[in-house]
Amino acid sequence: MKIGITCYPTYGGSGVVATELGKELAYRGHEVHFISYSLPFRLNLSSPRIFFHEVEVSAYPLFEYRPYTLALASQMLQVTLDENLDLLHVHYAIPHSVSAYLAKQMIAPRKLPVITTLHGTDISLVGLDRSYLAITRFSIEQSDGVTSISEHLRERTYKEFGVEHAIEMIPNFVNCSEFTKKCVCELRRRFAPDDEKLLIHISNFRPVKRIMDVVEIFDRVQKEIPAHLLMVGDGPERAEAEYLAGVKKLRDRVHFVGKQEAINEYMGIADLLLLPSDNESFGLVALEAMACEVPVIASRVGGLLEVVRDGVDGYLIPPREVDLMARRAVEILSDAALAVRLGKQGRERAESNFCTSKVIPEYVAYYERVIAEVK
Ligand code: GMT
């Protein structure tokens with residue numbers, strides 16, 4: 001197949017899923033054309049079957065806001081014609097599914113199947129700004145195929161949007177060969193030189209991730225056990241979190257390393273993942289931790305209940321309960337047998353439900369079904 005993929009190229013779960021999907025499809029012999037305003041994070045063009053088409057949005061004094069949605073639609077049309085694409089798969093409804101709808105209309109009577117994958121914040125954003133409701137519902141309904149990355153998100157979309165289009169649940173996935181228990185010990189020594197415990201948090205540091213809670217939990221943990229905290233990623237809450245770490249006199253124990261490409265290497269050196277978000281429609285980073293046999297302490301919210309089994313792969317705790325999260329963290333870090341058991345069980349779950357070898361064929365089968373229906 002020749003597949004066009006559009007996603008946000010920035011540091012975030014939906015872009016990571018889209019990029020990894022494209023790489024996996026190319027590996028399986030499909031031709032993949034990424035269409036976005038810059039090269040997606042984690043995408044390199046080393047495969048001869050992966051292409052990148054930049055969307056350029058011209059500036060004009062009249063435009064206070066550049067019309068990206070229209071430029072994207074035009075580029076989708078052009079790439080479909082030039083490369084003879086079989087379908088467009090857009091990740092994140094706003095505005096990608098609207099652009100795809102326009103491209104599809106412009107190319108008629110030639111058929112262009114469009115699939116939209118919902119990731120979560122594209123749906124919850126509308127809860128905050130109702131002006132997006134009608135257009136998001138419209139573009140979802142007009143897509144030929146719609147997928148969600150968890151049951152939770154699927155139900156939420158039906159309930160809050162009144163969407164009638166059938167939504168296929170295809171979960172997020174992890175490459176179980178790349179994400180595996182493997183210690184780059186040199187890297188570990190850089191952050192935990194005396195082999196103290198190493199906790200990790202990875203995100204885009206937005207308010208929903210509860211970054212201050214991560215620091216608060218760690219503060220409680222390090223009072224009980226010698227430990228360090230790795231903060232991977234960047235975003236609006238970083239400066240405040242660094243300030244809080246300073247106030248708590250933890251600057252030599254909390255390591256802000258910014259955005260990193262080799263997430264598997266960072267995950268591989270950790271003893272515990274903290275993910276105390278207010279909401280997660282899936283929580284991809286929890287799955288990546290499980291694949292690396294790293295126990296997870298996460299919030300009992302949204303799609304995380306479909307990923308992490310409470311008491312089996314880690315612990316799920318109501319959001320904002322920092323004392324309880326810290327107590328559970330200390331429990332895991334002070335009991336080596338428990339940590340190993342949780343880690344191994346997490347790996348087993350990742351292997352049986354979420355490896356690329358299982359999930360990518362689900363996407364391919366869905367593509368084939370949608371293409372056949374549109375013909
Ligand atoms: O919250 C993020 O990390 C970014 C956001 C996105 O859309 O890029 O992530 C959402 O999609 C991820 C990939 O499907 C999910 O793993 C995250 O749970 C989801 N974030 C939220 O629901 C808050």
Side-chain angles (χ1 to χ4, degrees), residues 5-22 24 36 38 40-43 89-97 115-128 132 136 146-157 160 167-175 179 200-211 213-214 231-238 259-260 263 267 273-291 296 298-308 316 319 350 353-354 356 359-360 362-363:
I5 291 184
T6 287
C7 62
Y8 281 106
T10 44
Y11 201 75
S14 59
V16 169
V17 170
T19 304
E20 295 298 332
L21 174 60
E24 294 288 338
S36 189
S38 67
F41 181 76
R42 279 208 207 179
L43 183 68
H89 184 181
V90 303
H91 292 258
Y92 213 87
I94 307 167
H96 302 148
S97 55
I115 294 176
T116 297
T117 289
L118 306 173
H119 284 270
T121 44
D122 41 1
I123 295 305
S124 51
L125 176 74
V126 175
L128 301 173
Y132 289 121
T136 308
V146 184
T147 78
S148 77
I149 45 87
S150 63
E151 290 292 352
H152 167 82
L153 183 60
R154 171 158 74 174
E155 290 317 310
R156 193 167 173 195
T157 310
E160 290 180 19
I167 301 174
E168 184 89 357
M169 198 288 278
I170 303 181
N172 284 339
F173 52 84
V174 62
N175 185 318
F179 283 80
I200 193 167
H201 171 81
I202 305 174
S203 78
N204 47 19
F205 288 42
R206 286 185 296 124
V208 70
K209 303 290 178 182
R210 302 286 307 170
I211 305 302
D213 285 3
V214 176
M231 297 288 273
V232 183
D234 210 337
E237 303 276 280
R238 175 172 170 175
K259 296 176 186 174
Q260 295 294 331
I263 291 299
M267 197 66 92
L273 173 82
L274 296 176
L275 189 62
S277 312
D278 262 343
N279 190 27
E280 286 293 345
S281 54
F282 187 90
L284 181 62
V285 77
L287 173 60
E288 292 176 337
M290 286 158 62
V296 174
S299 295
R300 177 184 286 282
V301 287
L304 273 168
L305 281 84
E306 296 165 46
V307 183
V308 182
L316 292 176
N353 291 45
F354 301 108
T356 45
V359 179
I360 304 303
E362 291 183 36
Y363 269 114

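Residue numbers run from 1 in the order of the sequence given. These numbers come from a predicted model, not from an experiment. In listed order, ligands and their atoms are each counted from 1.
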R154 side chain to S148 backbone, donor-acceptor under 3.5 Å
no
For the residue pair F282 and F354, categorise the inter-ring angle as parallel (less than 30°), tilted (30 to 60°) or perpendicular (more than 60°).
perpendicular
Should the pair R42-E20 be classified as a salt bridge under the 4.0 Å nitrogen-to-oxygen rule?
yes
Select all protein residues for which some heavy-atom-to-ligand 1 distance is less than 4.0 Å, and list them by chain and number.
G12, G13, S14, V17, Y92, H119, T121, I149, N172, N204, R206, K209, N279, E280, S281, F282, G283, L284
Is there a side-chain contact between M169 and I149, using heavy atoms and a 4.5 Å cut-off?
no
Taking C-beta and beyond as the side chain, do E280 and S299 meet within less than 4.5 Å on heavy atoms?
no
Please step through side chain to side chain contact (heavy atoms under 4.5 Å, CB included) for the pair T6 and H91, ending with a clear verdict.
CA-CA 6 Å; T6 287; H91 292 258; over 6 Å; no
